[in-house]
Number of protein chains: 2
Amino acid sequence: MAYRKTPTEMRRLEAAREHLVVCATEVVADVGWAQASVTAVADAAGIAAGSVYQHFSSKSALAVEVFRRAAQREVDVLGEVLEGEGDPADRLRRGVEVFTRRALENHGLAYALLAAPAEPAVGAERLAFRRRYRALFASVIEEGVAADQLPRQDAEITAAALTGAIGEVLVYPLSTPAAEDADLLVAGLTAVALRCAGAAP
Amino acid sequence: MAYRKTPTEMRRLEAAREHLVVCATEVVADVGWAQASVTAVADAAGIAAGSVYQHFSSKSALAVEVFRRAAQREVDVLGEVLEGEGDPADRLRRGVEVFTRRALENHGLAYALLAAPAEPAVGAERLAFRRRYRALFASVIEEGVAADQLPRQDAEITAAALTGAIGEVLVYPLSTPAAEDADLLVAGLTAVALRCAGAAP
DNA sequence: AGAAGAAGTGAATCACCATTCAGAGCTTCC
DNA sequence: GGAAGCTCTGAATGGTGATTCACTTCTTCT
């Protein structure tokens, strides 16, 4: 028994893992999952390819971790708004706005989370997180219906439409003036979203 | 000069190519782009892997052809309805219905066209075709606005929302009762679509 | 029939990456 | 200081799947 990990050493390892995840996220946001080879990610983090396997059992495991971290942040932010103060229609409007603005600000990451080709394990994660976005939208819509602020509707379909609409606009850019100006785009999207949910104009 | 292609021979070659494209489309609809290896596709068509290269210069070229054919059929059908008879809101309703029903009937193909991970060349085609779906929806919406049947709006954003909404529902199945029953799903989707465009209920 | 040339075959080749591993370099603790 | 046990390295390994090519089989035409 001549070696045991000291707390310092453990912190150093944890920090290295953290740094790897952060760098990998940047690489993915920049070049997409397909181009984010183990070598590219390791280079970005300033370590050797083999060292990645000190922290993750496979490339896939690292990819899943990258996805989860980033997606969880978005769910948290969106949940904060949708479950916060105000009447349902207003929260919905602000939710769409926040979701959109964040995606526009980090377009590469948004694309990676929403649509970029990825290995099956990441695809499964994506499915799970899309359900969570949808559930958040759906519950605010149901509140609105319960409060007679919104018409009767299948809240899950409306929620899916909202997620799809935002994703579509982000992933396949528009050719209208709105594409040039984030504020215009946000205004357009929130207007569609409110009509979609049947909120009085 | 001891050999020249006869018309019969040329027809035979054309038919072989056609057969290859059809079989490849089935394979893709069944197992997705990622699993559709040259060998798998050649096997399905009953030819050797090497023979694929008699008809296409690369796997990628074959994939693009498969995508184009299938996507073009959808654009044609959708265009037929959206540019056909009736007032704009009604055409829109029927367009959404047709788009949805066709996708539900051939779910594998719809997924391949709309969302399945694919090589970059197919991704580029996808982008081009999504623009065309959107343009079709956008022009019927604009007609509706011009005819004062629909409220003023950014037609492209609404069109994107429609494409996104339908795609989302098809690609990531719902957990509501509507998921069980195609008619219910179509009813729900057309309702959202009409609200989205602002059509009076 | 047989020469000339095309299409079809499928095993071999090639390219691309994730993953491994033997050795180099650190840390810990006596 | 130095033995023991860790982390880090990066070239070598291995698997996968597209592409090639020497060869076989089929068509055409004199």
Side-chain angles (χ1 to χ4, degrees), chain A residues 1-21 23-24 27-28 31-67 117-123, chain B residues 1-21 23-24 27-28 30-67 116-123:
Chain A
M1 194 259 284
Y3 184 95
R4 184 178 310 208
K5 281 177 190 165
T6 60
T8 312
E9 189 66 359
M10 288 178 71
R11 253 181 280 117
R12 191 183 62 75
L13 279 174
E14 184 47 41
R17 186 188 145 107
E18 191 63 25
H19 181 239
L20 174 58
V21 172
C23 292
V27 172
V28 167
V31 301
W33 302 100
Q35 306 291 315
S37 65
V38 171
T39 310
V41 166
D43 283 356
I47 62 178
S51 303
V52 168
Y53 294 84
Q54 296 282 336
H55 303 289
F56 294 94
S57 64
S58 68
K59 180 193 169 153
S60 202
L62 168 57
V64 166
E65 179 74 15
V66 164
F67 187 95
E119 60 214 288
V122 169
Chain B
M1 191 260 284
Y3 184 95
R4 185 178 308 207
K5 280 179 192 163
T6 61
T8 312
E9 188 66 358
M10 288 178 71
R11 253 182 280 118
R12 192 184 61 75
L13 278 174
E14 184 46 42
R17 185 187 146 109
E18 191 62 26
H19 182 238
L20 174 58
V21 171
C23 291
V27 172
V28 167
D30 267 12
V31 303
W33 302 102
Q35 306 291 315
S37 65
V38 170
T39 310
V41 165
D43 283 357
I47 61 177
S51 303
V52 168
Y53 293 85
Q54 296 281 337
H55 303 288
F56 294 93
S57 65
S58 67
K59 179 190 170 155
S60 202
L62 169 57
V64 166
E65 180 72 15
V66 164
F67 187 95
E119 59 215 287
V122 169

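Chain naming here is simple, since letters A, B, ... match the order of the sequence lines and numbering starts at 1 in each. Side-chain atoms are counted along with the backbone in the values below, which use heavy atoms only and exclude waters and symmetry mates.
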| Any idea which heavy atoms bring B/C23 and B/A44 closest together, and the distance? | SG-O, 3.7 Å
| request: Quick one: closest heavy-atom pair of B/A121 and B/S60, and the distance? | output: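 Of all heavy-atom pairs spanning B/A121 and B/S60, the closest is CB-OG, 3.5 Å.
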Please set out all donor-acceptor pairs under 3.5 angstrom arising from side-chain atoms of residues 33-41 of chain B, sequence neighbours excluded.
residue, atom, partner, partner atom, Å
B/W33, NE1, B/A112, O, 3.2
B/S37, OG, B/A40, N, 3.1

| task | Could you list the residues that satisfy side chain to side chain donor-acceptor pair (under 3.5 Å) with B/R12, not counting sequence neighbours? | result |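 With neighbours one apart ignored, the set is B/E9.
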| What are the residues of residues 41-56 of chain A, sorted by number, that bring a heavy atom to within less than 4.0 Å of DNA chain D? | A/I47, A/A48, A/G50, A/S51, A/Q54
| query | side chain to side chain contact (heavy atoms under 4.5 Å, CB included) between B/E65 and B/H55: does it pass, once the steps are laid out? | reply | CA-CA 11 Å; B/E65 180 72 15; B/H55 303 288; over 6 Å; no
| task | Please check the phosphate of C/dG8 (OP1 and OP2 only) for any side-chain N or O of B/R12 closer than 4.0 Å. | result |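 It does, given that an N or O in the side chain of B/R12 lies less than 4.0 Å from OP1 or OP2 of C/dG8.
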| query | Hey, which of these two, B/A36 or B/T8, hits DNA chain D nearer its 5' end, going by closest nucleotide? | reply |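 Between the two, 5'-proximity favours B/A36.
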| task | To the nearest 0.5 angstrom, please state how far the CG atom of B/L62 sits from the CG atom of B/L20. | result | 5.0 Å
Nucleotide [N], atom [atom2] - distance to [atom1] of [X] in whole Å:
X: A/W33; N: C/dA18; atom1: CH2; atom2: P; answer: 13 Å
X: A/K59; N: C/dT20; atom1: NZ; atom2: P; answer: 15 Å
X: B/Q35; N: D/dT16; atom1: CD; atom2: P; answer: 12 Å
X: B/L13; N: C/dA6; atom1: CG; atom2: P; answer: 12 Å
X: B/M10; N: D/dT27; atom1: CE; atom2: C1'; answer: 14 Å
X: A/E9; N: C/dC29; atom1: CD; atom2: P; answer: 10 Å

